[in-house]
Amino acid sequence: MQILRIFDTLTEKEKEIEVSGTIRMYVCGVTVYDESHIGHARTIIVFDTLRRFLESQGRKVQFIQNFTDVDDKIINRAKQENATASDISSKYISHYFDDFDRLNIKRADIHPKATEHINDMINLIKDLIDKGYAYVSKNGVYFSVGKFKEYGKLSKKKIDDLLSGARIEVDETKNDPLDFALWKFSDEEPKWPGPWGDGRPGWHIECSAMSLKYLGENFEIHGGGRDLIFPHHENEIAQSESHTGKQFAKIWMHVGMMTINGEKMSKSLGNIKSVKYVLDHWGPNIIRLFCLSGHYSKPIDYSEELLRENIAKWRQVENCYFELILAEGQGQTDEVQKIISETKKEFDEGLESDFNTPMALSAFFKLVKEINRIAAAEMLTQSISKIVVPEVEKIFETLGLKIPKISEDEKSTITELIRKRNMFREQKQYQEADKIRKQISEIGITLIDHKNRTLWMKQEKIGIES
RNA sequence: GGUGAGGUGGCAGAGCGGCUAUGCGUUCGCCUGCAGAGCGAAUCUAUAGGGGUUCGAAUCCCUUCCUCACCUCCA
């Protein structure tokens, strides 16, 4: 088994993941105040696929992804809609699962919510105060950035530079403009009693508290979108390492932004495409292929033209898969053995070297092409199929791609209908033949006539095409 | 202004010192009752500009230009 190497934002180097034991991953999830967009999906798809890859290699993965369910934006939304914050957050959590289940994202082992970990946060804040890293002020409890000597190490920022950047809000109640809130006093709901007064937690503390709780003080991978490097992850490091005195995550893995017309997709710019919209038009397989078609660390530009390209790719994959499972006859398999081992090698090597999904995909498409070539030459056999199908299915599983399973019943029904149709075709009774084709198409099956046989496929319906 | 990541064929996108991926597209074929898909061939020998280093550079160094992200909430 090879060793996975991932680029670590903190050290700016590729780092190896230790082989032994469970791989613990914490991924920062979304703030649930609105629908998720395709940019969120990209990040989640990357980590979901990484997890699937590790699991496919027989490693145990412990995967935690939080929901930020207390936040100003949620509260504002609640006010607008005359609802409570928890109405809003639970509504969008349920939308989140609707979207991401459709995207074939495996659920995390735990999806902790900030509001269910208030005590963990309070204890952490208490400890930070005790250790002198935090102080109570008029509006809340703040982390004293100056006390954490390594502040800025993740985002490569110098405290002086941060201060000179005039975008920091001036707040006289803080000792230092860079200090950030751990606990914000509040009289309004949502609020919780705290040792320093009623209030609610700051944003960053939840991830420190929950990752420490579920994954311990020093886990393997902490991930999220690039835009979280500063201040969110920087602040998490400050809090967590001040608390434990130990290195926090071993690897910081950050996913590039989804852009649209070259600009970052974000709520505030108003240029988002919701996950639901994109799913309705393109379906999960196309989206996953699209999101994995570039290296995770780089930006990827949303474009319908590029999404459309992936339909063509997916059609080849479908063709390949159905050719395989419908293959008949016997024959030698030496050549195919070689292709398979090359595919596996390139696929795994790609993913092991900083999760190079484009390389892995190219290996996969080479295999698909090759199988389609063999099929077109009428040389596909059952024995080839027996070797290749499990490998293809393993790749589907790793990439989170879904292709319909065909039951034996379904198969024999279809085979029988095709037999009848071909009988009509031989007798040039094309109207009858077309009637059967229509009947077959109504159960979602596409027919493709070859010289001496008819291939059938249960093709995915792509919304944009209809 | 500071920090980071980049600029590769018509498009997307790997490679990161020699073997010049991969996919899409386009053109022409094969197949074919129709249909669709698939296959084959061709097209494209590309690496932002300018200097170096080297027997040899897209890959290393210098320099110029350009793009994006972060420095405020953000996946």
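These values consider heavy atoms only, across backbone and side chains, with no hydrogens, waters or symmetry-generated copies. Chain identifiers are assigned alphabetically (A, B, ...) following the order of the sequence lines, protein sequences preceding nucleic acid strands; residue numbering begins at 1 within each chain.
- Backbone-only engagement by A:Gly262 is indicated by non-hydrogen atom pairs under 4.0 Å involving sugar-phosphate atoms exclusively.
- Residue contacts for A:Ile229: at a heavy-atom cut-off of 4.0 Å it reaches no nucleic acid atom on any strand shown.
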Check the interface with nucleotides 40-49 of chain B: list each N/O to N/O pair with the protein under 3.5 Å, or write none.
none

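- Annotation: cation-pi pair A:Lys106/A:Phe63 absent, no NZ/CZ under 6.0 Å from the ring centroid and within 45° of its normal.
- Using atom C1' as the reference point in both B:U67 and B:A41, the two lie 38 Å apart (nearest Å).
- Distances from the side chain of A:Glu309 to the nucleotides B:C24, B:U32, B:C39 place B:C24 closest.
- The separation of B:U26 from B:U64, taken at their P atoms, amounts to 42 Å, rounded to a whole angstrom.
- Separating the C1' atom of B:G38 from that of B:U20 is a span of 29 Å, rounded to the nearest Å.
- B:U59 and B:U53 have their P atoms separated by 15 Å, with the value rounded to a whole Å.
- Few gaps surround CD on A:Gln439; more than 12 heavy atoms of other groups in view lie less than 6.0 Å from it.
- Taking 4.0 Å as the cut-off between side-chain N and carboxylate O, A:Lys15 and A:Asp8 count as a salt-bridged pair.
- A:Gly350 comes within 4.0 angstrom of no nucleic acid atom, judged by non-hydrogen atoms across all strands.
- B:G6 and B:C28 have their C1' atoms separated by 38 Å, given to the nearest Å.
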Collect all protein-nucleotide pairs involving nucleotides 13-19 of chain B in which both atoms are nitrogen or oxygen and the distance is under 3.5 Å.
from, atom 1, to, atom 2, distance (Å)
B:A14, OP1, A:His295, N, 2.6
B:A14, OP2, A:Lys298, NZ, 3.3
B:A14, O3', A:Asn356, ND2, 2.9
B:G15, OP1, A:Asn356, ND2, 2.9

Problem set entry | Secondary-structure notation, RNA chain B, from Watson-Crick and G-U pairs under 3.5 angstrom (| other strand) | (((((((..(((.....[...)))((((((.......))))))....(((((..]....))))))))))))....

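- Separating the C1' atom of B:U22 from that of B:G15 is a span of 11 Å, rounded to the nearest Å.
- If A:His37 and A:Ser297 are placed on RNA chain B by their nearest nucleotide, the residue sitting closer to the 5' end is A:Ser297.
- Taking atom P on both nucleotides, B:G23 is separated from B:C39 by 10 Å, rounded to a whole Å.
- Within the nucleic acid shown, A:Ser155 comes within 4.0 Å of sugar-phosphate atoms alone, with no base atom in reach, counting heavy atoms only.
- With both ends at atom P, the span from B:A48 to B:A14 equals 15 Å, rounded to whole Å.
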